[in-house]
Protein chains: 2
Amino acid sequence: MTGFPAPVVAAPIVAVDIAVFTVLARTLHVLLVELRHGPFAGRWALPGGRVQVDESLDAAAGRELAAQTGIPNIYLEQLYTFGSPGRDPAGHVVSVAYVALIAHGGRFPPRPGGDKYAAVAWRPVRRLPALAYDHAAVVATAAERLRAKLAYTNLAYTLLPREFTLGELQEMYEAILGRRLDRRNFRKKVLALGLLHALGRVRRGPHRPAALYAFRHRRPMVIQVL
Amino acid sequence: MTGFPAPVVAAPIVAVDIAVFTVLARTLHVLLVELRHGPFAGRWALPGGRVQVDESLDAAAGRELAAQTGIPNIYLEQLYTFGSPGRDPAGHVVSVAYVALIAHGGRFPPRPGGDKYAAVAWRPVRRLPALAYDHAAVVATAAERLRAKLAYTNLAYTLLPREFTLGELQEMYEAILGRRLDRRNFRKKVLALGLLHALGRVRRGPHRPAALYAFRHRRPMVIQVL
DNA sequence: GGAGTATGCGTAAAGAGTACGCAAACGGCT
DNA sequence: AGCCGTTTGCGTACTCTTTACGCATACTCC
């Protein structure tokens, strides 16, 4: 229910936090920032910030991400809203968490924008430092959602460059799912789905050349992949 | 990101809205309230209200539901957070939507508590009146989530009385999924999962008596049902 | 006692998932 | 040039799950 004017009395504050994922060196990484101010100064956390009046939640997440890390215009999806009163010692902050996915994280050396953060860095999800607030739980929830959606959507396209080989696609799935897949069954399944488009060219390397593929549609779709 | 003191400047307000579902007459119903005040006075909407300082979101949802409709202590799950600036003409309200499930809705004749609502009623999801705010979208999203979760969890137990027949269980699934299921395959699948406990008693009716069952565990579990 | 209907049990075919053998194509090395 | 190790690419056999459907049983109602 809604429909109340803004109060002057104390009320919970609305913020967004973003868990940006990418795959580096066959490992799932998340983007962390080092806080410069506040009760958790010096600790690592997820990028985020307050939602402004008359700003949508999606817009707030995109704006904070671009302003504070220089990462533009990537796939963003709302994850969950965390609102326990004790999650922030400075007051009651209700945080709408987002999951973001980006291809080839190495190509975007993230940089701090403004003086809000002392540093920005990709960190492997398996070996995280102690995080501020309840952000450890946020990352865990986000990684679980990512694993689940990868199995029944084509979201893989957000994590790969435009052209890739089936081997690279499989590596990415194995990195996120955390388990090995049979190479031949993976190939059969993925090709049978018709999501890919053979480019007719090959990538040459130290071994047999591999055919290059691209996603037929680079937009979110619901399809049983695994 | 969090860590800011409460402001005195304008900021979005946090509220909760709850979509309570039940199955009545083989049809999925949702609980609606008739608003007495505000820009949508006279229109139907989902029950809900402001989140108080130092109150968790789950607690706020449970409190509003109990206070305004008399429905106590049922299954509650956070659904999605709606925060478009234009969704409430009175100001920027960020609403955390919840899905709630209750068995045998007929047994809880919901009653308005306080003067906030003029009426409270179960309405079939397929034939809703024009709803206030963006609540039509909330109900649609909630129903979709319910359908999805029913297929891979044991949430069915929240929608049935403690004792039931396999026919009643199947009727409930068909009402929510909106399609017919083969009676014999449904029986095999459900019994093979081992979620049910045969009570050894039967329900007598106009036809052949049906064995009574109960859920072995009445708590949320993730299991592939359909 | 027969008709009508829901319950309870079983089998056969089709489809999806899993395990795995093997040839082809490359770079690097001798 | 020829062999080795590695990755790519294709195909087959087996298992498990899903789907379709036949049929007897047990009750009420007429």
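These figures come from a predicted structure and were not determined experimentally. Just so it is clear: chains get the letters A, B, ... in the order the sequence lines come, proteins before strands, and each one is counted from 1.
- Nearest heavy atom pair, residue B:A100 against residue B:L76, reads CB-CD2, 3.7 Å.
- For B:P209, the side-chain atoms get nearest to D:dC27 when compared with the rest of D:dC27, C:dT7, C:dC22.
- Nearest-nucleotide positions on DNA chain C place A:L226 closer to the 5' end than the other of A:R208 and A:L226.
- B:R216 places a side-chain N or O within 3.5 Å of a backbone atom of B:G194 that can act as its donor or acceptor partner.
- Counting only heavy atoms from C-beta outward, the side chains of B:L169 and B:F215 approach each other to under 4.5 Å.
- In this entry the distance linking CG of A:N185 with P of C:dG21 reads 13 Å, nearest Å.
- A:K188 has no side-chain polar atom (N or O) that falls below the 4.0 Å cut-off from OP1 or OP2 of D:dC10.
- One atom, NE2 of A:H207, and another, C1' of D:dC3, lie 16 Å apart when rounded to the nearest Å.
- Residues A:A211 and B:R183 each lie close to DNA chain D; by heavy-atom proximity, the contact nearer the 5' end of the strand is made by A:A211.
- One atom, CG of B:L181, and another, C1' of C:dT7, lie 17 Å apart when rounded to the nearest Å.
- In this structure, B:R187 places its CZ atom 14 Å from P of C:dA6, rounding to the nearest Å.
- The listed nucleotides are C:dC20, C:dC26, D:dC21; the one nearest the side chain of A:D182 is C:dC20.
- For A:E168 and D:dT7, the CD to P distance is 13 Å, given to the nearest whole Å.
- OP1 and OP2 of C:dA16 both lie 4.0 Å or more from every side-chain N or O belonging to A:K189.
- Looking at which nucleotide of DNA chain C each of A:P206 and B:L166 is closest to, the 5′-most match is held by B:L166.
- In this structure, of C:dG17, C:dG21, D:dT8, it is C:dG21 that holds the atom nearest to the side chain of A:R184.
- Between the CZ atom of A:F186 and the C1' atom of D:dT8 there is a distance of 14 Å, given to the nearest Å.
- Checked options B:R179, B:R180, B:R184; the residue passing with B:D182 is B:R184 (criterion: salt bridge (charged side-chain N to carboxylate O under 4.0 Å, His left out)).
- In this entry the distance linking CD of A:Q224 with C1' of C:dG15 reads 15 Å, nearest Å.
- When all heavy atoms of A:Y157 and A:P220 are compared, the pair lying nearest together is OH-CD, 3.2 Å.
- Computed from coordinates, the A:L169 CG to D:dG9 P distance equals 12 Å when rounded to whole Å.
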